Amino acid sequence: MKNEYIPVRSKIKEVIKHTNLEYTFRMEFDGDVKPGQFFEVSLPKFGEAPISVSGIGEGLVDFTIRRVGKVTNEVFENYVGDSLLIRGPYGNGFDIDNFKGKEIVIIGGGTGVSPMRGVIQYFASNPDEAVSTTLIAGFKSPDDVLFKADFEEWEKSINVIKTVDNAPEGYTGPVGMVTKYVPDLKFKDKANAVFICVGPPIMIKFTIMEIQKLGIEDQQIWTSYERKMCCGLGKCGHCKMGDKYVCLDGPVFNYTEAKELFD
Ligand SMILES: Cc1cc2nc3c(=O)[nH]c(=O)nc-3n(C[C@H](O)[C@H](O)[C@H](O)COP(=O)(O)OP(=O)(O)OC[C@H]3O[C@@H](n4cnc5c(N)ncnc54)[C@H](O)[C@@H]3O)c2cc1C
Ligand code: FES
């Protein structure tokens, strides 16, 4: 019988450096995977970290990792150019069909853009499959912007507002939190709008408050929840909130469910 906890070794094919703290690791992987799903990435003796899929390609997946502690430090220090242990994909991920034919607004903060990148790529490559697609992405400063090359591509086919909290003198792009840009959104038919919002919990909270002020209903809003996890398989109970296992039932939730889960 297959032991679900045993990871497989995956070669790092490429490392894309976005900032000093955030790199994308392009990994070998054969199998079905959806944007918004995650893998447990591990190193012997250092532990495991759940990491979202930020890109999907032929025989590969991307992980965009922020260096914050034990596992992620080790990955950055010693494993660039080598291999990592991975198991997954886990979780439900985003269902692209929920967004087709809609007026889509995708709002991301920092690494929160990662799990939504596959959805953004899909509608940037197939703009006719939505009535409109708008991306509002917020980063701390111009130096903290992730996926710079992607933004240049996305701007060609969808509406993009790439904003920074703090800008140096002379900066000409949008400045301010993502919430600043929500009240100005215009829709042909508000009932056909759909929002996806992912980022730090505080950003999600205030962004959803702004979205609701537009008269958008809870069922029109989707989010992804980075609850601390352990097994990723619905066995250990670490991620359990109410009657939900975030690793199994999520991490993507419609806001009708997510609003009951936020701490
Ligand atoms: C479903 C899911 C998807 C994720 N996707 C990504 C991703 O795509 N890229 C990415 O960089 N990170 C992602 N994370 C967060 C990532 O798992 C943690 O940053 C990582 O586990 C930290 O491991 P570490 O050993 O390096 O740090 P540790 O030494 O364990 O911790 C360092 C610091 O990070 C905090 N921390 C640890 N885990 C989390 C967490 N889950 N949420 C918030 N704070 C945490 C700790 O409290 C501590 O302050 C995701 C988490 C979940 C649950
Ligand atoms: S992480 Fe173990 S049950 Fe979800």
Side-chain angles (χ1 to χ4, degrees), residues 4-5 7 10 12 15-27 29 33-56 61-80 84-94 108-120 137 139-140 144 146-147 150 196-205 222-253 258 261-263:
E4 295 176 289
Y5 290 93
S10 166
I12 301 170
V15 177
I16 300 150
K17 299 184 181 180
H18 303 286
T19 70
N20 289 337
L21 291 180
E22 285 132 338
Y23 294 178
T24 292
F25 293 81
R26 184 151 290 168
M27 313 291 304
F29 177 74
V33 59
K34 276 164 74 176
Q37 288 193 298
F38 67 95
F39 283 73
E40 288 285 352
V41 175
S42 64
L43 294 167
K45 300 192 197 144
F46 290 90
E48 289 187 310
I51 301 292
S52 305
V53 170
S54 65
I56 301 161
V61 285
D62 287 348
F63 300 135
T64 302
I65 304 182
R66 183 175 168 81
R67 178 179 185 160
V68 293
K70 214 165 81 175
V71 176
T72 51
N73 277 342
E74 182 62 14
V75 169
F76 275 58
E77 289 293 332
N78 293 321
Y79 284 83
V80 171
L84 297 170
L85 295 172
I86 63 171
R87 58 184 178 90
Y90 298 130
N92 54 359
F94 289 103
T111 50
V113 176
S114 295
M116 301 187 293
R117 182 169 170 257
V119 181
I120 304 166
F139 299 96
K140 285 207 175 89
D144 295 303
L146 306 176
F147 311 119
D150 288 332
I196 311 171
C197 177
V198 184
I202 191 82
M203 171 253 165
I204 295 179
K205 180 178 169 187
W222 296 83
T223 186
S224 179
Y225 196 82
E226 282 196 9
R227 180 79 174 168
K228 282 198 179 177
M229 288 183 188
C230 193
C231 69
L233 290 163
K235 308 264 195 244
C236 72
H238 261 75
C239 67
K240 195 160 186 271
M241 302 181 82
D243 63 348
K244 301 280 179 221
Y245 288 90
V246 178
C247 67
L248 279 186
D249 302 311
V252 175
F253 289 99
L261 304 179
F262 285 113
D263 289 321

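Keep in mind it's a predicted model, so treat the numbers as computed, not measured. The chain is numbered in sequence order, starting from 1. Scope of the values below: all heavy atoms of this structure, side chains included, with no hydrogens, waters or symmetry mates. Ligands are counted one by one from 1 in listed order, and the atoms in each one are counted from 1 as well.
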Non-hydrogen atoms of S54 and F147 that approach each other most closely: CB-CZ, 4.4 Å

Student check: side-chain heavy atoms of F38 and E40 closer than 4.5 Å: yes

Is the closest side-chain heavy-atom distance between L43 and L85 below 4.5 Å? no

What I'd like to find out is whether the side chain of V113 reaches to under 4.5 Å of the side chain of I120, using heavy atoms alone. yes

Indicate, with yes or no, if the rings of F39 and F29 have centres closer together than 6.0 Å. yes

For the residue pair E22 and I65, establish whether any side-chain heavy-atom pair is separated by less than 4.5 Å. no

With a 6.0 Å cut-off on the ring centroids, do H18 and Y23 count as close? no

What are the protein N, O or S atoms, given as residue plus atom name, that sit under 2.8 Å from atom 4 (Fe) of ligand 2? C239 SG, C247 SG

Protein residues that have a heavy atom under 4.0 Å from any atom of ligand 1, sorted by chain and number: F38, A49, P50, I51, S52, T64, I65, R66, V68, G69, K70, V71, T72, E226, R227, K228, M229

Using a 4.5 Å cut-off on heavy atoms from C-beta on, say whether the side chain of K244 contacts that of L261. yes

Are the aromatic ring centres of Y225 and F253 under 6.0 angstrom apart? no

